[in-house]
Protein chains: 2
Amino acid sequence: MVTIKDIAKVTGFSPSTVSRVIANNSRISEETKNKVRAAMDELGYHPNLTARNLVIQSTKTIGVIMPSSADESLQNPFFTEVLRGIGSYFHQKQFSILLSSGQTEQEKFEEIERMVLGKYVDGIILLYSRLNDSVVDFLQEKNFPFVMVGKPSGDKDEIVHVDNDNVKAGKDITTYLIENGHRRISFIGGAADLVVTIDRQKGYEMALKEAGILITKEYTIHTEFLKSGGRQAVEQILGLELKPDAVVVSDDLISVGVISMLEEYGIKVPEDISLVSFNNIYFSEIIKPALTTVDIQIYELGVESAKAIIQMCTNQKLSKKRIIIPHHIAYRDSVRLKK
Amino acid sequence: MVTIKDIAKVTGFSPSTVSRVIANNSRISEETKNKVRAAMDELGYHPNLTARNLVIQSTKTIGVIMPSSADESLQNPFFTEVLRGIGSYFHQKQFSILLSSGQTEQEKFEEIERMVLGKYVDGIILLYSRLNDSVVDFLQEKNFPFVMVGKPSGDKDEIVHVDNDNVKAGKDITTYLIENGHRRISFIGGAADLVVTIDRQKGYEMALKEAGILITKEYTIHTEFLKSGGRQAVEQILGLELKPDAVVVSDDLISVGVISMLEEYGIKVPEDISLVSFNNIYFSEIIKPALTTVDIQIYELGVESAKAIIQMCTNQKLSKKRIIIPHHIAYRDSVRLKK
DNA sequence: CTGTTAGCGCCTTCAG
DNA sequence: CTGAAGGCGCTAACAG
């Protein structure tokens with residue numbers, strides 16, 4: 001391996017001079033810079049990142065934590081999309097992503113511990129937010145820089161997070177349904193301990209309330225991404241005395257299953273029942289019917305969380321703890337419109 | 001920060017002894033081990049990975065490279081699924097994933113250069129295989145350990161890769177169509193420079209040939225994952241004088257678009273046209289109609305590539321360069337069966 | 001503008 | 001069974 005010393009020897013300069021050339025230090029003459037660089041090219045020198053990291057006490061890499069991968073929801077394109085956003089910003093700042101890959105909660109926790117305690121990352125981005133997450137507690141206790149994509153379940157004023165206004169999003173999309181004459185509106189949510197589910201449901205309820213529509217308990221269902229879960233949700237709806245004429249689904253991925261199930265029972269979207277959901281992933285546009293869904297700008301969520309964590313790791317001031325990415329509704333074909 | 005020296009000072013042992021305790025060296029008495037460990041607990045000591053990596057000249061970190069993220073196909077759940085597989089094996093071996101995040105080919109290349117030349121990773125896993133990939137050339141030239149998920153476009157005997165037998169898979173699924181009485185079978189493939197597309201198409205052609213069916217050029221179409229691409233493919237098919245009665249689609253994700261398009265034109269799957277594809281992602285089961293598709297065991301692909309790269313990085317012998325993950329057909333509802 | 005010196009935190013001979 | 005010393009490759013004062 002060719003090191004800084006080799007370059008020093010060959011050029012006759014000292015190692016520190018070579019180091020300064022790497023850093024493009026202004027106190028080095030152009031002439032020596034050129035000489036040194038020539039030698040580096042010739043010998044094929046490249047700085048060893050590990051060595052550098054050791055002395056500067058920073059790795060310029062960020063641990064990015066996905067939900068534990070036993071979770072079916074991992075197949076949600078949401079994650080690759082945030083990752084894209086994070087990556088794009090990281091690239092220009094020369095930061096790297098260390099991806100957590102734990103199967104279970106336990107494994108995930110161990111990995112985070114390794115990264116953090118081993119000083120292998122400068123910060124953490126959490127790609128989800130759920131109730132009573134021990135990871136959050138750990139990070140807070142260690143006082144380790146982290147940002148969360150989504151809304152924290154507690155300590156909202158302490159935790160830096162990048163989120164949509166999911167309550168408002170839920171309200172907006174539900175109101176849209178109401179404006180189009182729907183009144184018996186059901187809510188199908190994903191895992192009930194996900195903060196995002198809770199918020200969207202809250203918005204749904206607000207919209208109903210505002211429109212003077214009674215909130216019926218039986219109209220609210222929580223399901224998993226699995227097929228059987230979707231089936232159960234639909235059967236529950238269809239078993240109701242007064243069947244809903246519209247349904248708010250908390251995630252596009254779930255919508256796909258719900259629509260299929262509905263179809264299996266001979267119920268058509270949007271003719272027989274309207275459906276709206278959230279995220280606007282690639283699928284929502286290409287399935288039949290194309291989904292009317294809240295575009296939450298996943299990519300931006302990624303970019304902003306990347307910006308935030310890098311700011312925190314480079315001791316810059318963060319103007320605010322709560323960064324909201326605006327949403328808008330992608331109007332498509334899954335809602336029966338008022339004439 | 002608490003270091004090995006602090007522990008040494010507190011316990012009265014030397015740093016080297018403490019180091020040996022960390023490594024659980026057998027030449028250290030149980031008694032000292034206990035004392036040292038107690039001190040480590042008390043002071044909250046954790047080994048600094050960067051420092052360790054520097055001396056052992058290895059990071060136990062593998063760069064995992066996705067296609068450049070401008071690529072729409074990144075929303076393909078395929079990637080998170082391989083990642084899951086890789087992660088599961090990495091976890092038990094205490095390896096980490098450094099995820100590449102380049103937008104463009106250029107950016108991706110830069111990142112890989114950084115990782116490799118900076119000795120920031122011990123090896124690379126490539127999650128795709130395309131024709132004339134400069135990344136592969138680079139890795140080969142540097143003689144850097146890497147494994148590819150998919151089949152290399154050249155140097156097949158040199159490059160360690162984990163793949164399905166996609167030619168056979170293509171043949172199997174096409175034969176299934178033929179067995180069910182279909183004769184005018186079209187092929188819709190993704191990007192034409194992806195080796196996987198090429199292989200599956202080859203299998204499709206073999207099946208036709210074997211059944212004595214003429215291969216019609218107009219029946220083969222390449223498209224992108226984008227909506228417009230799917231539309232174009234379908235329109236091309238429908239414009240044909242002799243419309244196909246079945247279609248082999250090279251990826252489940254594309255199938256979703258194709259089915260929607262077909263439906264838009266009033267053509268039903270499988271009543272009017274049968275459809276089969278590949279991958280068996282989560283979606284394939286929950287959309288309507290549920291897809292008959294080749295299950296390629298994505299997760300296993302990930303696990304095996306992880307095994308392979310770790311073997312290479314730890315100087316173990318690899319029994320073979322080409323590791324094939326068996327596939328099987330998931331029979332579902334997108335094919336009209338022979339009575 | 002450049003060189004000398006120290007040291008980041010850890011592992012590993014080599015001694016004892 | 002344990003300690004001392006050196007070094008992994010690089011940066012950062014401090015001199016000059």
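Just so we're clear, the structure is a prediction, and the values are computed from it rather than from any experiment. Chain letters run A, B, ... following the sequence lines, proteins first and then strands; every chain starts at 1. We use all heavy atoms of the structure for the numbers below, so side chains are in, but hydrogens, waters and symmetry mates are not.
- Relative to the side chain of A/Arg27, the nucleotides C/dG9, D/dG3, C/dT2 differ in distance, and C/dT2 lies closest.
- Contact between the side-chain N/O atoms of B/Thr3 and the OP1/OP2 oxygens of C/dG9 is not found at any separation under 4.0 Å.
- Distance NZ (B/Lys33) to C1' (D/dC1): 11 Å, rounded to an integer number of Å.
- For the pair A/Ile22 and B/Phe13, both in contact range of DNA chain D, the more 5′-proximal nearest nucleotide belongs to B/Phe13.
- For B/Ile56, whose side chain is taken as the heavy atoms from C-beta onward, the closest listed nucleotide among C/dG9, C/dC11, D/dT11 is C/dC11.
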| task | Dump the intermediate steps for side-chain hydrogen bond (donor to acceptor under 3.5 Å, both in side chains) on A/Thr50 and B/Asn53, then the final yes or no. | result | CA-CA 7 Å; A/Thr50 304; B/Asn53 289 346; 5.4 Å; no
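- Applying the 6.0 Å contact sphere to CG of A/Asn132 captures no more than 12 heavy atoms from other residues, nucleotides or ligands.
- The side chain of A/Tyr45 places an N or O atom within less than 4.0 Å of a non-bridging phosphate oxygen (OP1 or OP2) of D/dC10.
- Note that the OG atom of B/Ser100 and the CD atom of B/Glu111 stand 5.5 Å from one another [nearest 0.5 Å].
- Taking atom CG of residue A/Asn24 and atom C1' of nucleotide D/dT11, one finds them 16 Å apart after rounding to whole Å.
- Within a 6.0 Å sphere centred on CD of A/Gln316, other residues, nucleotides and ligands contribute more than 12 heavy atoms.
- Residue A/Ser16 places a side-chain atom within donor-acceptor reach of the base of C/dT4, judged by atom type and a 3.5 Å distance cut-off alone.
- OP1 and OP2 of D/dT2 both lie 4.0 Å or more from every side-chain N or O belonging to B/Thr17.
- A residue-by-residue look at B/Leu54 and B/Ala23 shows that B/Leu54 has its nearest nucleotide of DNA chain C further toward the 5' end.
- Among the heavy atoms of the strands, none lies under 4.0 Å from A/Thr50.
- As judged by a 4.0 angstrom heavy-atom cut-off over every strand, B/Pro47 is placed among residues touching the sugar-phosphate backbone only.
- Closest approach to the A/Arg52 side chain among C/dC8, D/dC10, D/dC8 is made by D/dC10 (side chain taken as heavy atoms from C-beta onward).
- The NZ atom of A/Lys5 sits 13 Å away from the P atom of C/dT4 (whole-angstrom rounding).
- With rounding to whole Å, B/Asn25 atom CG is found 16 Å from C/dC14 atom P.
- For the pair B/Lys119 NZ and D/dC8 C1', the computed distance is 13 Å after rounding to whole Å.
- Between B/Leu49 atom CG and C/dC10 atom P the separation is 9 Å, expressed in whole Å.
- Atom CG in A/Asn53 sits about 12 Å away from atom P in D/dA12, given to the nearest Å.
- Nearest nucleotide to the A/Ile4 side chain, out of C/dG9, D/dC10, C/dC14: D/dC10.
- B/Ser19 comes within contact range of at least one nucleobase, with a heavy-atom separation under 4.0 Å.
- Within 4.0 Å of B/Gly118, counting heavy atoms only, lies no atom of the nucleic acid at all.
- Residue A/Gln57 has no polar side-chain atom (N or O) positioned under 4.0 Å from OP1 or OP2 of D/dT11.
- The pair B/Asp163-B/Lys151 does not count as a salt bridge, with every side-chain nitrogen at least 4.0 angstrom from each carboxylate oxygen.
- In this structure, of C/dG9, D/dC10, D/dT2, it is D/dT2 that holds the atom nearest to the side chain of B/Ile28.
- Look at A/Lys35 and A/Glu31 and you find a salt bridge, because one of the NZ, NE, NH1 or NH2 atoms lies within 4.0 Å of a carboxylate O, short of that distance.
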